[in-house]
Amino acid sequence: CIANTELADSDFQLAQEQKREWDLARGDINLTVVKANPEAANAEYLQPYVELDNDDLIAHAKHDDKYALLVLAQRPDIDAKDRERAAKQLVILGQTSQALSFLIIREISQAQVAYQKADAVVPEVKKHVANILSYVKYGLTRKDPSALFTYLMFVQQHHEGQFAFDPESVLSDEELSRIDSHTQKLTDMLDSRRAKRYLPPIQDV
């Protein structure tokens with residue numbers, strides 16, 4: 001279905017509203033888009049945080065403010081470790097889109113460094129790729145393909161000669177078969193962290 005041509009105006013507006021709500025639920029609000037277009041969908045949720053300094057953002061983030069966390073994870077002037085912590089906190093809160101994509105980019109960057117240092121697929125490279133595939137699978141269980149799209153972007157870059165190693169060929173079939181259990185461990189860890197915040201198991205959301 002091509003929404004803007006095949007749907008009646010009322011149905012198209014309903015589809016747009018449902019997409020806006022789903023993007024908000026997943027934490028799919030891009031800071032760069034919001035800064036360029038204050039009228040973009042869901043921009044109003046990030047606007048109060050865009051101009052805050054780092055200390056104020058971190059203070060809000062300590063109280064699980066998901067919009068402060070979204071800005072933290074996407075601001076290039078924030079320390080990489082703080083951005084990573086913000087992304088992991090977002091995933092605990094059920095915000096998968098920008099957070100999982102950021103974590104995958106971190107993992108692939110670390111895998112690239114390890115690969116270039118050894119000029120080979122060493123165990124550290126395999127560990128990072130296994131983490132990436134777990135994030136992808138977890139995202140899909142939450143009905144969110146953002147992590148998958150981010151992963152496939154790096155696969156495409158490899159095939160275009162822009163990326164040193166092929167993420168698709170790093171793990172053996174046996175190692176790939178363990179991704180399910182790896183993803184379950186990730187889910188269990190998230191549920192444990194959610195329980196400490198008196199939040200229900202993520203599967204119940």
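The two atoms that bring Pro76 and Arg83 nearest to each other are CA-NH1, 4.0 Å, heavy atoms only. Between Gly27 and Leu70, the closest heavy-atom pair is O-CD2, 3.5 Å. In terms of heavy atoms, Pro167 sits closest to Ile108 at CG-CD1, 4.2 Å. Residues Ala41 and Arg20 share a closest heavy-atom pair of CB-CG, 4.2 Å. Pairing each heavy atom of Leu90 with each of Ala73, the nearest pair is CD1-CB, 4.3 Å. Contact between Leu31 and Gln74 at its shortest, heavy atoms only, is N-OE1, 2.9 Å.
Between the CG atom of Leu100 and the CZ atom of Arg142 there is a distance of 10.5 Å, given to the nearest 0.5 Å. If you take CD1 on Ile104 and OG on Ser109, they are separated by 11.5 Å, rounding to the nearest 0.5 Å. Separation of atoms CD (Gln89) and CD (Gln95) is listed at 11.5 Å; rounding is to 0.5 Å. Interatomic distance, CG of Leu190 versus NZ of Lys88, reported as 11.0 Å (0.5 Å rounding). In this structure, the separation between OH on Tyr67 and CD on Glu44 is 9.0 Å, given to the nearest 0.5 Å. The CG atom of Asp53 sits 9.0 Å away from the CD1 atom of Ile58 when rounded to the nearest 0.5 Å.
Proximity of Val71 to Leu52: side-chain heavy atoms (C-beta onward) are nowhere separated by under 4.5 Å. Residues Phe165 and Val129 have side chains in contact (heavy-atom distance under 4.5 Å, counting atoms from C-beta outward). The shortest side-chain heavy-atom distance between Tyr151 and Glu168 falls under the 4.5 Å cut-off. The shortest distance between side-chain heavy atoms of Val34 and Tyr45 does not fall below 4.5 Å. Within the 4.5 Å cutoff, the side chain of Phe102 has no heavy atoms near those of the Thr150 side chain. Residues Leu186 and Val91 are not in side-chain contact: their nearest non-hydrogen atoms beyond the backbone lie 4.5 Å or more apart. No side-chain heavy atom of Gln98 sits less than 4.5 Å from a side-chain heavy atom of Ile29. With a 4.5 Å cut-off on side-chain heavy atoms, Arg178 and Glu174 count as touching.
Applying the 6.0 Å contact sphere to NZ of Lys126 captures more than 12 heavy atoms from other residues, nucleotides or ligands. Under a cut-off of 6.0 angstrom, the local environment of CZ in Arg193 is sparse, with at most 12 non-hydrogen atoms contributed by other residues, nucleotides or ligands. Heavy atoms from other residues, nucleotides or ligands lying under 6.0 Å from CD of Glu39 number 12 at most. A 6.0 Å sphere centred on CD of Glu160 holds more than 12 heavy atoms belonging to other residues, nucleotides or ligands.
Each of Leu46 and Val33 belongs to its own hydrophobic cluster when Ile, Leu, Val, Met, Phe, Trp and Tyr are linked at side-chain heavy-atom distances under 4.5 angstrom. By the rule that hydrophobic residues join a cluster once side-chain heavy atoms approach within less than 4.5 Å of another member, Leu93 and Tyr135 end up as members of separate clusters. Hydrophobic clustering (side-chain heavy atoms under 4.5 Å, transitive across Ile, Leu, Val, Met, Phe, Trp, Tyr) groups Leu171 together with Val136. If you chain together hydrophobic residues whose side chains sit under 4.5 Å apart, Trp22 and Leu140 never meet in one group. Ile132 is connected to Met189 through a chain of hydrophobic side-chain contacts under 4.5 Å among Ile, Leu, Val, Met, Phe, Trp and Tyr, so both are in one cluster.
Between Arg85 and Asp82 there is a salt bridge, with a side-chain nitrogen of the basic residue lying less than 4.0 Å from a carboxylate oxygen of the acidic one. Using a 4.0 Å cut-off between a side-chain N of Lys or Arg and a carboxylate O of Asp or Glu, Asp79 and Lys81 do not qualify as a salt bridge.
Counted by atom type alone, Asp180 and Gln184 present zero donor-acceptor pairs between their side chains at under 3.5 Å.
A donor-acceptor pair under 3.5 Å is formed between the side chain of Thr183 and the backbone N or O of Ile179. Listed for the Asp23 side chain is no donor-acceptor partner under 3.5 Å among the backbone atoms of Asp28.
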List the atom pairs, donor and acceptor, that lie under 3.5 Å between side-chain atoms in residues 197-205 and the rest of the protein, sequence neighbours left out.
{"unit_1": "Arg197", "atom_1": "NE", "unit_2": "Asp64", "atom_2": "OD1", "d": "3.3"}
{"unit_1": "Arg197", "atom_1": "NE", "unit_2": "Asp64", "atom_2": "OD2", "d": "2.7"}
{"unit_1": "Arg197", "atom_1": "NH2", "unit_2": "Asp64", "atom_2": "OD1", "d": "3.4"}

Per-pair distances, 0.1 Å, donor-acceptor, side chain in residues 110-125, under 3.5 Å, sequence neighbours excluded:
none

Step-by-step side chain to side chain contact (heavy atoms under 4.5 Å, CB included) determination, Asp166 to His159: CA-CA 8 Å; Asp166 182 2; His159 292 308; 4.2 Å; yes
